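Given the structure is predicted, the values throughout are model-derived calculations rather than measurements.
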Amino acid sequence: MMDKLDTIQAIARYLGNRTLMLKLRQLRAKFIDKHIRKRQFKDLSISIISNNCWGSMTFYQRFGIKYNTPTVGLFISDTDFMKLCRNLRYYLSLDLKFIKPSMSPAFEEVQNWSIAKTDVHDYSFPVAMLDDVTIWFMHAKSEEDAMEKWERRKRRMSYDNIIVKWSQRYTQSTDIVNEFLQIPYRKLGFVDKECPINSTELYKIDGWNKLKEDGGDEISFVSERFNVIELINHACSQK
């Protein structure tokens, strides 16, 4: 496969077809990720509980790994995410109850995040509650789609092999960072460089608050600054 891609890319380069060359480079990168770099992970069976799409897109989707977690294609506010992770088994034992976005106790916190600042009537994706925790299914096509995927992926969960990934997106409080560090699972967290709290489970990133204010893409932002395989392997090695 690699030889064929290299040959086609060489022909495209010779013909000066830049569009084809770009597509071939992308295909080559995807092939390397899913068939070569994927082998560098210490554990492919981990369940990453993530407050947004970072876990699903950075690990499962990018490297062609089956989703062993229900936290895919969604986001959860900082406050709710801490509640969820402190009592994960309880919340995941509950059935989703779909609501209007404005009914969520986390609505104001989410609205204060610039990328989500929109009129309530513009929310075109499903929103559901697990007791007092709100799940915002921003990539689901419908309530039925959100429910089916959530339940199917939840059944693959491995409670003995969890990594909790969190990025501080909705708050500035250091209290919430301390709450994250108390979660009883292996952890991987992203905060701004100015965060005064130090931990081997936290990664301080210059410009993080600016990214948060602008509503920027966290996935590419982190990938440009860290080796994703090393990040996840480091989290896997925690006890």
[X] vs [Y] side-chain heavy atoms within contact, under 4.5 Å:
| X | Y | answer |
| --- | --- | --- |
| V110 | T134 | no |
| R152 | Y67 | no |
| L88 | Y185 | yes |
| Y60 | V72 | no |
| I49 | C85 | yes |
| S47 | N161 | no |
| V127 | F107 | no |
| I176 | E179 | yes |

Shared ILVMFWY cluster between [X] and [Y], side chains joined below 4.5 angstrom?
| X | Y | result |
| --- | --- | --- |
| M157 | F59 | no |
| F98 | L92 | yes |
| L211 | F81 | no |
| M147 | I76 | yes |
| I135 | Y90 | yes |

Compute whether any side-chain donor of one residue and acceptor of the other, for T79 and S77, lie under 3.5 angstrom apart.
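Looking only at side-chain atoms, S77 and T79 do not form any donor-acceptor pair under 3.5 Å.
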Please state whether the rings of [X] and [Y] are parallel, tilted or perpendicular, taking 30° and 60° as the class boundaries.
| X | Y | value |
| --- | --- | --- |
| F190 | W208 | tilted |
| W166 | F180 | tilted |
| F75 | W136 | parallel |

Write down the atom of [X], the atom of [Y], and the distance for their closest heavy-atom approach.
| X | Y | value |
| --- | --- | --- |
| F63 | T58 | CE1-O, 3.3 Å |
| F137 | L74 | CE2-CD2, 3.8 Å |
| I197 | L202 | O-CD1, 3.8 Å |
| A140 | P126 | O-CD, 3.7 Å |
| L84 | V133 | N-CG2, 4.2 Å |
| L188 | I163 | CB-CG2, 4.5 Å |

Give a yes or no answer on whether the side chain of [X] reaches the backbone of [Y] with a donor-acceptor pair at less than 3.5 Å.
| X | Y | value |
| --- | --- | --- |
| N233 | K42 | yes |
| Q238 | K187 | yes |
| E109 | D78 | yes |
| K38 | G64 | yes |
| D192 | N209 | yes |
| S104 | A106 | yes |
| K204 | C195 | yes |
| Q168 | T171 | yes |

Working to the nearest 0.5 Å, report the span between [atom1] of [X] and [atom2] of [Y].
| X | Y | atom1 | atom2 | answer |
| --- | --- | --- | --- | --- |
| I65 | K34 | CD1 | NZ | 10.0 Å |
| S56 | R153 | OG | CZ | 8.0 Å |
| H139 | K149 | NE2 | NZ | 10.5 Å |
| E108 | S102 | CD | OG | 13.0 Å |
| I183 | R86 | CD1 | CZ | 7.5 Å |
| L94 | M129 | CG | CE | 10.5 Å |

Side chain to side chain contact (heavy atoms under 4.5 Å, CB included) evaluation trace for R37 with N227
CA-CA 11 Å; R37 297 189 70 223; N227 181 309; 4.1 Å; yes
Would Y170 and N51 count as a side-chain hydrogen bond (donor to acceptor under 3.5 Å, both in side chains) here? Give the steps.
CA-CA 11 Å; Y170 307 92; N51 65 314; 5.7 Å; no
Take F41 and I46, measure what side chain to side chain contact (heavy atoms under 4.5 Å, CB included) needs, and give me the verdict at the end.
CA-CA 10 Å; F41 285 106; I46 55 175; over 6 Å; no
One pair to check against side chain to side chain contact (heavy atoms under 4.5 Å, CB included): L130 and W150. What are the steps and the verdict?
CA-CA 12 Å; L130 293 172; W150 175 269; 3.6 Å; yes
Let's go through I232 and C236 carefully: what are the C-alpha distance in whole Å and the side-chain angles of both, what is the deciding distance for side chain to side chain contact (heavy atoms under 4.5 Å, CB included) to 0.1 Å, and is it a yes or a no?
CA-CA 6 Å; I232 294 176; C236 284; 4.2 Å; yes
Would you sort out whether N52 and E218 count as a side-chain hydrogen bond (donor to acceptor under 3.5 Å, both in side chains), showing the intermediate values?
CA-CA 9 Å; N52 55 25; E218 162 182 326; 3.0 Å; yes
Run the numbers on S158 and D160 for side-chain hydrogen bond (donor to acceptor under 3.5 Å, both in side chains), then give the verdict.
CA-CA 5 Å; S158 174; D160 297 323; 5.5 Å; no
